[in-house]
Amino acid sequence: MPPAGSEIIRSMKTQLVFANLAGIETEVLVVAAGDAQTAKGAEVKPDLVLLTGDSAIKAAAAAALASGEFKGDANETLLLHGPAGLAAKRLLIVGLGKLAKATPHSIRSAVGTAIRFVKPRGIRDVTFALPEGAGSGVDLPPGPCSRAAVEGAMLADYDPDTYRSDRKDQSVYNFTLAALAGGDAAAIELAYAEGVIIAESQNFARELVNEPGNKLTPTKLGERAAAMAATNGLTVEVYSTEKLHELKMGAFWSVSQGSAEPPALIVLTYEPDGYDAATYAGPVLGLVGKGITFDTGGISIKPADKMELMKYDMAGSAAMLGAMAAIGRLKPKVKVISVVCSAENMPDGKAQKPGDVQTAMPFSEDEPGKTIEIINTDAEGRLVLADGLTYARQLGCTHLIDAATLTGACVVALGPVFAGGFSNDDETFGKLDAALGISGEKIWRLPLGDEYIEQIKSDIADIKNTGGRWGGAITAAEFLHVFAGETPWIHLDIAGMAWYEDTKPYIAKGPSGFGVRSILEWVRSYEG
């Protein structure tokens with residue numbers, strides 16, 4: 001079990017080597033392969049290409065590939081024992097699919113597939129051959145592939161069986177990324193080191209999301225955030241009820257008032273090397289996370305079926321904390337402030353009721369707090385984020401991004417494939433869109449508009465916290481837009497992506513840590 005306050009979980013040992021692949025002694029040597037065939041038709045056969053220039057590896061795999069058993073489909077595997085001419089005990093070939101469409105994210109998935117393949121087979125030492133694209137008709141740059149490979153390995157090694165008394169140790173103890181000598185060794189080394197940091201940070205987020213509500217209360221989340229900050233060079237402040245009242249965070253407090261557990265307002269700050277508040281002229285990026293450590297729905301209580309998964313309703317905050325962990329270690333040249341609003345949503349006698357009117361945090365004397373009619377107490381995430389966005393603006397953030405498991409409507413629209421993205425500024429969202437090419441995550445931009453604002457207008461207050469059945473993800477985003485104001489802002493609805501319902505070839509069922517990589521790359525895009 002993870003100790004209280006543990007900051008980053010480290011298990012797998014990783015290393016990068018430059019060596020002759022055929023001579024590497026390892027339990028299994030993993031090589032990527034794909035289909036270079038671009039023609040279509042029922043009679044067209046795959047043109048299988050091993051992404052290595054090592055003649056011994058090609059010779060060892062030749063007969064198996066010629067048999068036609070292996071098609072090279074994405075995440076397909078073929079295991080060969082005692083490969084002739086290799087020091088490795090086994091050769092594992094993992095498919096990338098059509099090579100014309102292969103990207104570094106394909107490598108991330110392929111390495112993850114290899115790790116998930118060997119874990120139950122008792123193989124504890126894995127070496128992956130960094131792809132060589134020569135002659136394959138595909139451009140897989142070694143730097144990005146190096147980062148993606150080690151990320152894929154470390155993310156795949158994670159399993160969510162934290163509290164099982166019969167937990168079996170199936171971890172891969174050693175992962176080696178092997179590259180041929182020569183080439184751009186410096187770029188490979190730098191990308192590999194970044195990949196280790198990013199994977200550790202994403203696994204930290206997954207550990208947080210995996211914790212049950214009785215183990216990770218808002219107070220405990222604050223403690224874990226503080227421990228992480230101390231390890232990663234961030235400053236942190238953790239507040240509770242008194243501070244919420246001082247700041248007049250009526251929307252945030254309204255959610256927490258029905259729980260015996262006090263809320264936590266967590267503020268982490270990263271300042272780049274040489275930062276001087278008097279002379280700093282760059283942007284200040286605000287990362288705001290929904291941290292509902294358990295969501296019953298409140299008085300508008302949820303159905304019992306799968307309510308146990310509502311421990312993951314703090315995945316937006318976990319994404320922000322994971323991103324901040326990586327930011328603290330990678331040290332981008334831009335100031336970042338993260339605001340996490342954490343509470344339980346419970347239905348006791350003090351809980352807010354449908355029909356109540358709450359007053360959100362004022363931004364200034366000239367911008368008083370908006371009044372909110374509570375239509376449904378299960379639309380609580382947008383309430384805590386409302387005050388979180390306002391506070392981030394008050395702290396001086398010039399650009400905002402928030403993440404939340406906000407609406408089932410977004411899952412209905414996009415399924416468990418894309419997160420929903422919303423923004424009031426094309427340039428700001430364009431930076432996130434560009435970041436997806438590096439992160440490999442999928443975010444689909446959805447619209448905003450005055451027509452949707454009409455759905456959240458209230459007869460008794462300024463706005464109401466739900467806009468009805470239709471366009472639910474969009475009306476929720478428009479609710480948040482009110483509190484972002486004119487500040488360039490992105491909202492990520494990650495409800496369908498934060499928890500995998502099924503085990504995938506490259507990652508375990510359970511918490512995904514979605515958003516950590518994309519948010520990090522969005523932040524890095526603002527480096528001066």
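As the structure is a computational prediction, the values presented were derived from the model and not from experiment. Counting from 1, the numbers follow the sequence of the chain as shown.
With 3.5 Å as the limit, one finds a donor-acceptor pair spanning the side chains of Y192 and T14. In this structure, a donor-acceptor pair under 3.5 Å is present between the side chains of Q352 and Q358. In the model, K335 has a side-chain atom that pairs as donor or acceptor with a side-chain atom of Y275 under 3.5 Å. T466 and N376 form no side-chain donor-acceptor contact under 3.5 Å, judged by distance and modelled atom types alone. Counted by atom type alone, N210 and T162 present one or more donor-acceptor pairs between their side chains at under 3.5 Å.
Between L389 and L400 the shortest side-chain heavy-atom distance falls below 4.5 Å. Annotation: side chain of Y270 is not in contact with side chain of S338 (no heavy-atom distance under 4.5 Å). Contact of the M154 side chain with the F175 side chain is not registered, since no non-hydrogen atoms from C-beta on lie closer than 4.5 Å. Between L16 and V150, the closest side-chain pair of non-hydrogen atoms is not below 4.5 Å. Residues S240 and L265 are not in side-chain contact: their nearest non-hydrogen atoms beyond the backbone lie 4.5 Å or more apart. Between M228 and L268 there is a side-chain heavy-atom pair separated by less than 4.5 Å. Side-chain atoms of K311 and K215, non-hydrogen and from C-beta on, never get closer than 4.5 Å to each other. Counting heavy atoms from C-beta on, the side chains of L287 and V339 never come closer than 4.5 Å.
Under a 3.5 Å cut-off, the side chain of S109 and the backbone N or O of S106 do not form any donor-acceptor pair. Between the side chain of S439 and the backbone N or O of R517, no donor-acceptor pair lies under 3.5 Å. The backbone N or O of T487 lies less than 3.5 Å from a partner atom in the side chain of N424, making a donor-acceptor pair. Under the 3.5 Å distance criterion, the side-chain polar atoms of S300 are left unmatched by any main-chain donor or acceptor of G297. Of the possible polar contacts, none joining the S423 side chain to the D426 backbone as a donor-acceptor pair under 3.5 Å is found. In this structure, E441 contributes its side chain and S518 its backbone to a donor-acceptor pair below 3.5 Å. Remark: the backbone N or O of A386 is paired with a side-chain donor or acceptor of T390 at under 3.5 angstrom.
A salt bridge links E151 with R108: at least one charged nitrogen is closer than 4.0 Å to a carboxylate oxygen. Salt bridge R524/E194: present, at least one basic N to carboxylate O contact under 4.0 Å. We find that R147 and E521 are joined by a salt bridge, their nearest charged nitrogen and carboxylate oxygen being less than 4.0 Å apart. In summary, D502 and K509 do not engage in a salt bridge, as defined by a charged side-chain N under 4.0 Å from a carboxylate O. Under a 4.0 Å N-O distance rule, the pair K290/E380 qualifies as a salt bridge. A salt bridge does not link E373 with K457: none of the charged nitrogens is closer than 4.0 Å to a carboxylate oxygen. Salt-bridge annotation for K119 and D169: absent, with no side-chain N of the basic residue lying under 4.0 Å from a carboxylate O of the acidic one.
No more than 12 heavy atoms of other residues, nucleotides or ligands sit less than 6.0 Å from atom OH of Y452. More than 12 heavy atoms of other residues, nucleotides or ligands shown are found within 6.0 angstrom of NZ on K243. Environment of NZ in K331: crowded, with over 12 heavy atoms of neighbouring residues, nucleotides or ligands closer than 6.0 Å. Atom NZ of K442 is surrounded by 12 or fewer heavy atoms from other residues, nucleotides or ligands within 6.0 Å.
Nearest heavy-atom pair across A191 and G143 is CB-O, 3.0 Å. Of all the heavy atoms in A318 and V209, the pair that sits closest is CB-CG2, 3.5 Å. Heavy atoms only, all atoms of each residue included: P347 and I301 are closest at CG-CD1, 4.4 Å. Of all the heavy atoms in A476 and T407, the pair that sits closest is CB-CG2, 3.7 Å. Residues I374 and L383 come closest through the heavy atom pair CD1-CD1, 3.8 Å. The shortest non-hydrogen separation linking R382 to F479 is O-CE2, 3.4 Å.
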Next item on the list: Report the C-alpha separation of N345 and T296 in whole Å, then their side-chain angles, then the decisive distance to 0.1 Å, and conclude whether the side chain to side chain donor-acceptor pair (under 3.5 Å) test is met.
Entry: CA-CA 6 Å; N345 188 22; T296 67; 5.2 Å; no
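Both tests hold for K504 against Y500: distance to the six-membered ring centre under 6.0 Å, angle to the ring axis within 45°. The side-chain tip of R116 does not point at the ring of Y506 from less than 6.0 angstrom away and within 45° of straight on. For the pair R445 and F422, the NZ or CZ position fails the cation-pi test of under 6.0 Å to the six-membered ring centre and within 45 degrees of the ring normal.
With sequence neighbours excluded, no residue forms a salt bridge (charged side-chain N to carboxylate O under 4.0 Å, His left out) with D387. Under the salt bridge (charged side-chain N to carboxylate O under 4.0 Å, His left out) criterion, E242 pairs with no residue, sequence neighbours left out. With sequence neighbours left out, the salt bridge (charged side-chain N to carboxylate O under 4.0 Å, His left out) criterion links E427 to no other residue.
For an aromatic pair to be called close, the ring centres must be under 6.0 Å apart, and H399 with W489 fails this.
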